[in-house]
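Lettering follows sequence order; numbering is per chain, from 1.
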Number of protein chains: 2
Amino acid sequence: MSTDTRTSAGSGADAGTASLSIAEAADRLGLSTHALRYYETEGLLVGAPARTPAGRRRYDEQDLRWIVLVQRLRATGMPVREVREYARLCREGAGNEQQRLALLRAHRERVLAQLAEVSGHLGAVTAKIELYEGTVGTVGDR
Amino acid sequence: MSTDTRTSAGSGADAGTASLSIAEAADRLGLSTHALRYYETEGLLVGAPARTPAGRRRYDEQDLRWIVLVQRLRATGMPVREVREYARLCREGAGNEQQRLALLRAHRERVLAQLAEVSGHLGAVTAKIELYEGTVGTVGDR
DNA sequence: GGTTGACTTCGAGCGCGCTCGAAGTCGGAG
DNA sequence: CTCCGACTTCGAGCGCGCTCGAAGTCAACC
């Protein structure tokens, strides 16, 4: 309630480039405003969002897209420290594409390995479930 | 070096039932002795391991099998508190098989959902990688 | 001009799952 | 008998990733 009207006011407020307040951005990304500021101070963003003359953050599409990537990396288990490293590489501009690539590839390998491991364990749990389904009358399991 | 000889000494030390010291069990399970005791005090074990007259823990095959299950549950992301709950149900004996089943099924559903989510995010990361591979243009490639 | 309330910074606190260290006990080898 | 080292319990500490609250500022609306 009340986060209404004046949505993308600020400066331009016209076609194309939206520019959201932190609350709007948080809402759209499914994060808290606290988390968004945390990401920023922790150096997870490739570039800090713009500020209004009064010092308030404005998130544009580019900011949002980057944060979505950060969320994906985080959601796949990349530690904050490594996201920071990746962000740093991107911030430094061209010339380190190989490093970025290596970082992402290493991450992908880890995630694949973990997916396989979890799947394996899940298989065992499923077997256990089926055992119960078949045995829901027999006591001696454990 | 020195966790040698006297491996499964203790009492019997014969065929079939081994009965390991905490260090041996930890070693075999890939856990620390600290973690093993922690699991026990936190109620994650369905039954406490036996003790020697001197009060030292002896892990038998049943203990080990249970702990392997605990590890699988943990490795698939089940919170300690929920493992404790499951252990409690098993400890209470017969009559609650449906509850155990429900717990395991719910866990499986969560894990499947998370596997799907992670896979999705990983797909996006892979796309990013391929983008770099294309951009970097035939550099190392292989 | 006053009120409102979303914003700002800062630092403390928290939930999780162990991990670590201290201090003491005890069984077995020499 | 003595020593060694693996065991015991206990409680504190830690790394991670936020989360939360306090205190203050400032733009906009009435």
Side-chain angles (χ1 to χ4, degrees), chain A residues 1-11 13 19-45 48-59 67 70-87, chain B residues 1-13 19-45 48-59 67 70-85 87:
Chain A
M1 299 78 163
S2 74
T3 313
D4 39 294
T5 22
R6 289 233 22 286
T7 293
S8 48
S11 5
S19 179
L20 307 177
S21 73
I22 191 169
E24 291 158 352
D27 195 66
R28 194 150 131 182
L29 293 164
L31 293 170
S32 66
T33 58
H34 279 301
L36 267 180
R37 292 193 202 96
Y38 169 74
Y39 280 6
E40 186 179 336
T41 63
E42 289 303 305
L44 306 194
L45 306 190
R51 297 281 183 134
T52 65
R56 298 189 181 181
R57 294 170 178 83
R58 302 296 328 186
Y59 294 82
I67 297 167
V70 170
Q71 285 184 296
R72 288 190 190 282
L73 294 175
R74 292 287 306 116
T76 49
M78 184 183 284
V80 161
R81 130 186 52 86
E82 203 161 319
V83 178
R84 173 161 44 225
E85 175 69 7
Y86 182 66
Chain B
M1 301 76 165
S2 71
T3 314
D4 40 299
T5 21
R6 291 230 26 284
T7 292
S8 47
S11 8
S19 179
L20 308 176
S21 72
I22 191 169
E24 290 158 354
D27 194 65
R28 196 151 128 183
L29 293 164
L31 293 170
S32 66
T33 58
H34 279 302
L36 267 180
R37 293 191 202 96
Y38 169 74
Y39 280 6
E40 186 179 334
T41 64
E42 289 302 305
L44 305 195
L45 306 190
R51 297 282 183 132
T52 64
R56 297 189 181 180
R57 293 170 178 82
R58 303 292 337 183
Y59 294 82
I67 297 168
V70 170
Q71 286 184 296
R72 287 190 191 282
L73 294 175
R74 292 289 303 115
T76 50
M78 182 182 285
V80 161
R81 129 186 53 85
E82 202 161 321
V83 178
R84 175 161 43 225
E85 175 69 6

**Q** Quick one: are B/Ile22 and B/Arg56 in side-chain contact, heavy atoms under 4.5 Å?
**A**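 Contact flag for B/Ile22/B/Arg56 side chains = no.
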**Q** Do the non-hydrogen side-chain atoms of B/Leu31 and B/Tyr39 ever get within less than 4.5 Å of each other?
**A**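 The answer is yes, as the side chains (C-beta and beyond) meet within the 4.5 Å cut-off.
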**Q** Using whole Å, report how far CG of B/Asp27 lies from P of D/dC7.
**A**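 One finds 11 Å between P of D/dC7 and CG of B/Asp27, rounded.
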**Q** Taking 4.0 Å as the cut-off, does a side-chain nitrogen or oxygen of A/Tyr39 come that near to OP1 or OP2 on D/dG17?
**A**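 No, outside the criterion.
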**Q** Which residue, A/Glu40 or B/Tyr38, contacts DNA chain C at a nucleotide closer to its 5' end, judged by nearest heavy atom?
**A**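 Its nucleotide being nearer the 5' end, the pick is A/Glu40.
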**Q** Write down the distance between CG (A/Leu36) and P (D/dC20), rounded to a whole number of angstrom.
**A**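 The answer, rounded to whole Å, is 15 Å.
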**Q** Taking OP1 and OP2 of D/dC18, is either one under 4.0 Å from a side-chain nitrogen or oxygen of A/Arg74?
**A**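 Result: yes.
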**Q** Respond yes when some side-chain nitrogen or oxygen of B/Ser21 is under 4.0 Å from OP1 or OP2 of D/dA6, and no when none is.
**A**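 For D/dA6, neither OP1 nor OP2 has a side-chain N or O of B/Ser21 closer than 4.0 Å.
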**Q** NA contact type, B/Ser32, heavy-atom cut-off 4.0 Å: base, sugar-phosphate, or nothing?
**A**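 Touches sugar-phosphate only.
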**Q** For A/Leu44 and A/Arg56, find the nucleotide of DNA chain D closest to each by heavy atoms; which residue's nucleotide sits nearer the 5' end?
**A**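 The residue mapped nearer the 5' terminus is A/Leu44.
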**Q** Nearest whole Å is fine: how far is C/dC7 C1' from A/His34 NE2?
**A**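 From A/His34 NE2 to C/dC7 C1': 11 Å.
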**Q** On the nucleotide D/dC7, are OP1 or OP2 found under 4.0 Å from the side-chain N or O atoms that B/Arg57 carries?
**A**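 For D/dC7, OP1/OP2 do not have a side-chain N/O of B/Arg57 under 4.0 Å.
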**Q** Separation of B/Met78 atom CE from C/dG17 atom C1', in whole Å?
**A**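 These atoms are roughly 16 Å apart.
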**Q** Do A/Arg51 and A/Arg58 have side-chain heavy atoms sitting under 4.5 Å apart?
**A**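 Of all side-chain heavy-atom pairs linking A/Arg58 with A/Arg51, none is under 4.5 Å.
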**Q** Reading DNA chain C from 5' onward, which residue's closest nucleotide shows up sooner: B/Gly77 or B/Pro53?
**A**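 Closer to the 5' end of DNA chain C: B/Gly77.
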**Q** With a 4.5 Å limit on heavy-atom distance, are the side chains of B/Ile67 and B/Leu36 in contact?
**A**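 Yes, at least one pair of side-chain atoms sits under 4.5 Å.
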**Q** Any ion pair linking A/Glu42 and A/Arg74 (charged N to carboxylate O, less than 4.0 Å)?
**A**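 Between A/Glu42 and A/Arg74 there is no salt bridge, as every charged N stays at least 4.0 Å from the carboxylate O atoms.
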**Q** I want to confirm an ordering. Mapping A/Pro79 and B/Arg37 to their closest nucleotides on DNA chain D, which one lands closer to the 5' end?
**A**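 The residue whose closest nucleotide sits nearer the 5' end is B/Arg37.
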**Q** May I have the distance from B/Tyr59 (atom OH) to D/dC7 (atom C1'), rounded to whole angstrom?
**A**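 Nearest whole value for this atom pair: 11 Å.
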**Q** Can you identify which nucleotide, out of D/dA27, C/dC7, D/dT19, has its nearest atom closest to the A/Ala54 side chain?
**A**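 The closest nucleotide is D/dA27.
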**Q** Nearest whole Å is fine: how far is D/dC18 P from A/Leu31 CG?
**A**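 Atom CG in A/Leu31 sits about 8 Å away from atom P in D/dC18.
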**Q** With respect to the phosphate group of C/dC16, does any side-chain polar atom (N or O) of B/Arg81 fall under 4.0 Å of OP1 or OP2?
**A**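 So the side-chain polar atoms of B/Arg81 do come within 4.0 Å of the phosphate oxygens OP1 or OP2 of C/dC16, strictly under.
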**Q** If you compare every side-chain N and O of A/Arg51 against the phosphate oxygens of C/dT9 (OP1, OP2), does one of them come in below 4.0 Å?
**A**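 Affirmative; the distance criterion is met.
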**Q** Just how far, in rounded Å, is P of C/dA6 from CZ of A/Arg58?
**A**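 Nearest whole value for this atom pair: 14 Å.
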**Q** Starting from C1' on C/dC16, measure out to CZ on B/Arg84 and report it in whole angstrom.
**A**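 These atoms are roughly 11 Å apart.
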